[in-house]
Amino acid sequence: MNFIIESTVKAVKQLYQADIAPADISLQETRKEFEGQVTIVTFPFTKFSRKSPEQTGAEIGEYLKKSLKEISAFNVIKGFLNISICSAYWIDQLYTEILKDDFAVLKPNGKKVMVEYSSPNTNKPLHLGHVRNNLLGYSVAQILEAAGYEVIKTNLVNDRGIHICKSMLAWQLYGNGETPQSTGEKGDHLVGKYYVIFDKEYKKEIEFLKSEGQTEEEAKKNAPLIKQAQELLLKWEAGEEKVIDLWKTMNTWVYDGFGKTYKALGVEFDKFYYESNTYLLGKDIIDEGLQSGVFFKKEDGSVWIDLTEDGLDQKLVLRADGTSVYMTQDMGTAQLKYDDFQMDESIYVVGNEQDYHFKVLFLILQKLGKAWARGLFHLSYGMVDLPSGKMKSREGTVVDADDLIAEMESTARKQTEALGKINDFGEEEKEQLYHTIGMGALKYFLLKVDPKKRLLFDPNESVDFQGHTGPFIQYTHARIKSVLNRATITGMETDPTELAPEERDLIVTLTQFPDIITQAAIAYNPGTVANYVYELAKTYNKFYHEHSILQAEDELVKQFRLELSVASAKVISKAMNLLGIDVPERM
RNA sequence: GCACUUGUAGCUCAAUUGGAUAGAGCACCUGACUACGGAUCAGGAGGUUAGGGGUUCGACUCCCUUCAAGUGCACCA
């Protein structure tokens with residue numbers, strides 16, 4: 001559509017002797033109720049033309065129609081110039097752009113971007129909140145790659161700290177040597193179970209101490225279990241062999257479990273970072289900051305940064321005893337990641353409860369003069385809440401990721417069996433399909449929503465398979481494939497004839513795909529792609545219902561509609577791929 | 001208390017980044033092929049965009065204000 005913008009610039013220059021930038025022209029899709037495919041808003045030009053918006057629109061429209069052969073007609077309604085582009089142009093777009101292999105393959109932009117996501121704790125299995133994080137991170141990475149970036153997907157695993165020690169301790173005390181092998185339980189669930197047991201026993205101790213007259217606060221501090229856990233942490237930090245061995249063993253169980261869940265979710269990583277390796281980092285940055293005067297030391301020896309001028313608080317960056325806090329560690333890890341990859345941008349996919357932390361972190365790194373700090377971005381997303389409120393691992397009120405996946409698969413099975421279209425599939429093939437459809441429903445459900453909005457998930461109301469859903473789009477794809485399988489494409493191209501509105505609308509929608517990728521990449525929002533591909537599927541379905549493909553009027557029309565179907569299936573598949581969703585050939 | 005985020009149809013979400021009469025899906029009602037897959041399509045009903053004020057040719061969008069919800073304001077990570 002650039003040619004229209006260019007000509008409009010010329011038109012304004014010729015007609016009104018004014019220079020305007022291409023960016024000043026608002027070109028948008030024409031609303032369905034009006035004639036035309038693209039619309040120019042003419043209000044901004046009235047200050048040059050000194051005429052009414054209607055008259056300005058008419059004059060520009062006249063100019064464009066005369067100078068561009070692609071424009072077949074125009075009309076002006078209020079300040080909106082609606083332009084109709086001739087069928088030949090759209091048909092040409094289909095054959096020379098959309099059907100080409102490199103359609104929507106954006107040129108490498110020479111930039112490297114890191115996407116950090118998932119970042120689990122090793123003391124509990126993944127739940128619905130993690131699922132949103134993983135799907136978001138993976139999809140954003142896919143979109144950025146499609147937009148021309150070189151992408152590095154990383155996962156910073158929180159594998160140390162007091163919470164891990166709690167699971168370890170509970171396993172030592174109550175585990176009787178249980179292993180994933182002996183119980184058949186998935187490793188992460190086994191470890192998570194002991195985390196819950198710890199909490200239960202710990203609470204019992206607190207109650208007991210309170211009954212002996214201690215306050216809640218005292219009881220929490222004095223409970224033998226918490227003291228033991230703290231001791232365990234000290235031993236871990238001291239590198240005591242037995243503790244480290246147990247830690248390693250239990251971590252192996254957890255990673256094994258996570259690996260299965262990641263595989264089911266279809267996400268992957270190029271590089272893992274472990275907090276057990278990074279938690280001591282950041283101290284040299286403290287020295288750096290002290291020397292440059294960005295940080296200051298208080299009398300007790302603790303190190304701070306004063307951000308009051310930026311409307312924030314004073315923030316501690318190093319304890320008086322010289323040990324790190326979360327911020328110290330994150331500064332160090334940021335530096336480490338940059339040293340490893342020299343990326344231009346770095347995206348942290350982390351929940352919105354950490355908005356403040358990242359605001360401060362990025363600001364500190366900028367103040368320290370790190371040039372790369374400007375490329376840091378916190379992709380903040382809203383929590384997933386249940387009707388009963390927030391999910392709490394310790395209290396067991398979570399929607400477990402593995403359970404959820406299994407449930408989605410079973411719903412997909414029911415729906416598919418009821419329709420009975422794949423009775424000839426083998427067992428394995430069926431299972432694979434149920435997984436594809438179930439995950440399609442779940443992923444689409446989670447990704448179509450703007451990341452920053454919080455999400456309400458009601459486990460009693462299953463995720464839909466009809467309407468604005470993943471399976472709807474998957475179904476459209478399968479149906480196209482089914483039609484294509486019944487015909488032969490000869491490669492014959494149609495002479496430009498008059499397109500039916502449904503055919504033209506479909507091509508128009510298809511041509512928008514590259515722009516959609518760019519938009520989604522700029523906004524880090526898979527929802528843009530999700531809503532687009534739904535729109536595309538709907539547009540195809542409408543075309544499909546209005547026009548017969550295999551029984552078309554003549555062979556030329558049939559071939560044209562087949563090619564249109566090929567293009568639609570291709571774009572649907574590519575767009576869904578950006579969301580991490582597979583599309584089946586049959587379902 | 002302060003800061004950040006959110007508030008759109010009964011429910012779940014859109015709205016081309018300031019553009020036309022605010023659009024979809026679910027649920028509800030009506031209808032559609034002896035045709036390529038009915039997980040589909042066409043139509044109906046459903047709105048004071050939380051309330052109020054302002055900016056302008058034009059506001060769901062920007063500014064002010066009130067209200068509601070969530071989150072953060074740890075020498076936890």
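Atom set for the values below is all heavy atoms of this structure, side chains included, hydrogens, waters and symmetry mates excluded. Labels below follow one simple rule: chain letters A, B, ... track the order of the sequence lines, proteins then strands, and each chain is numbered from 1.
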If [N] has a Watson-Crick or G-U wobble mate with both distances under 3.5 Å, name it; if not, just say none.
N	answer
B:U17	none
B:G43	B:C29
B:A24	B:U12
B:A59	none
B:U34	none
B:G70	B:C4

Return the [atom1] to [atom2] distance between [X] and [Y], rounded to the nearest 0.5 Å.
X	Y	atom1	atom2	answer
A:Leu446	A:Leu455	CG	CG	6.0 Å
A:Tyr475	A:Thr469	OH	OG1	12.5 Å
A:Thr56	A:Lys47	OG1	NZ	12.5 Å
A:Asp306	A:Lys315	CG	NZ	13.0 Å

Closest nucleotide of RNA chain B for A:Asp313 versus for A:Met327: which of these residues is on the 5' side? A:Asp313
Earlier contact from the 5' end, RNA chain B, for A:Leu27 and A:Glu33: A:Leu27
Which label fits [X] and [Y]: parallel for a plane angle under 30°, tilted from 30 to 60°, or perpendicular past 60°?
X	Y	result
A:His468	A:Tyr534	parallel
A:Phe80	A:Phe43	perpendicular
A:Phe362	A:Tyr348	tilted

Could you tell me whether the side chain of A:Thr416 has a donor or acceptor atom within less than 3.5 Å of a complementary atom in the base of B:A39? yes
If you go through the side-chain atoms of A:Asn82, does one of them form a donor-acceptor pair with the base of B:A20 closer than 3.5 Å? yes
Using the [atom1] atom on both, measure [N] against [M] and round to a whole Å.
N	M	atom1	result
B:A22	B:G31	P	29 Å
B:U61	B:U5	P	16 Å
B:G38	B:G58	C1'	44 Å
B:G19	B:C26	C1'	30 Å
B:G53	B:C28	P	39 Å
B:C11	B:G47	P	12 Å
B:G23	B:U49	P	13 Å
B:C63	B:U56	C1'	13 Å

Of all the choices, [options], which nucleotide is nearest to the side chain of [X] once you look at every atom?
X	options	value
A:Pro44	B:G19, B:C36, B:G72	B:G19
A:Arg31	B:G37, B:U16, B:A77	B:U16
A:Gln354	B:C36, B:A39, B:A77	B:A77
A:Leu456	B:A20, B:U12, B:U40	B:U12
A:Lys448	B:C13, B:G37, B:G19	B:C13
A:Gln329	B:C75, B:A77, B:U21	B:A77

Where the chi angle of B:U17 falls, syn if within 90° of 0 and anti if not: syn
Please tabulate the protein-to-nucleotide N/O contacts below 3.5 Å involving nucleotides 24-28 of chain B, giving atom names and distances.
unit_1 : atom_1 : unit_2   : atom_2 : d
B:A24  : O2'    : A:Tyr534 : OH     : 2.9
B:G25  : O2'    : A:His468 : N      : 3.1

Closer than 4.0 Å, any side-chain N/O of A:Asn541 to the OP1 or OP2 of B:C41? yes
It should be established whether A:Arg319 places a side-chain nitrogen or oxygen under 4.0 Å from OP1 or OP2 of nucleotide B:A74. no
Using whole Å, what does the distance between atom [atom2] of nucleotide [N] and atom [atom1] of [X] come to?
X	N	atom1	atom2	value
A:Leu564	B:C36	CG	P	19 Å
A:Tyr195	B:A77	OH	C1'	11 Å
A:Asp159	B:C76	CG	C1'	16 Å
A:Tyr381	B:U71	OH	P	15 Å
A:Gln28	B:U61	CD	C1'	14 Å
A:Lys558	B:C36	NZ	C1'	10 Å
A:His545	B:G31	NE2	P	18 Å
A:Ile522	B:U17	CD1	P	11 Å

If the condition is side-chain contact (heavy atoms from CB on, under 4.5 Å), which residues does [X] pass it with, not counting sequence neighbours?
X	value
A:Pro584	A:Leu433, A:Thr436, A:Gln474, A:Met587
A:Ser565	A:Ile480, A:Leu484, A:Tyr540, A:Phe543, A:Ile549
A:Gln415	A:Thr411, A:Phe465, A:Gln466

Between the base of [N] and the ring of [X] - centre-to-centre under 5.5 Å, planes within under 30° - is that a stack?
X	N	value
A:Phe472	B:A39	no
A:Phe43	B:G19	yes
A:Phe34	B:A20	yes

Tabulated below should be each protein N or O lying under 3.5 Å from an N or O of nucleotides 2-10 of chain B; please produce it.
unit_1 : atom_1 : unit_2   : atom_2 : d
B:G7   : OP1    : A:Lys453 : NZ     : 3.2

Within the 4.0 Å heavy-atom criterion, would you say A:Val449 contacts the bases, only the backbone, or no part of the nucleic acid? sugar-phosphate
Among A:Lys414, A:Lys421, A:Arg413, which residue meets the salt bridge (charged side-chain N to carboxylate O under 4.0 Å, His left out) test with A:Glu417? A:Arg413
List the residues meeting salt bridge (charged side-chain N to carboxylate O under 4.0 Å, His left out) with A:Asp188, not counting sequence neighbours, and say none if there are none. A:Lys186
Answer yes or no: is there a side-chain heavy-atom contact under 4.5 Å between A:Asn121 and A:Tyr195? no
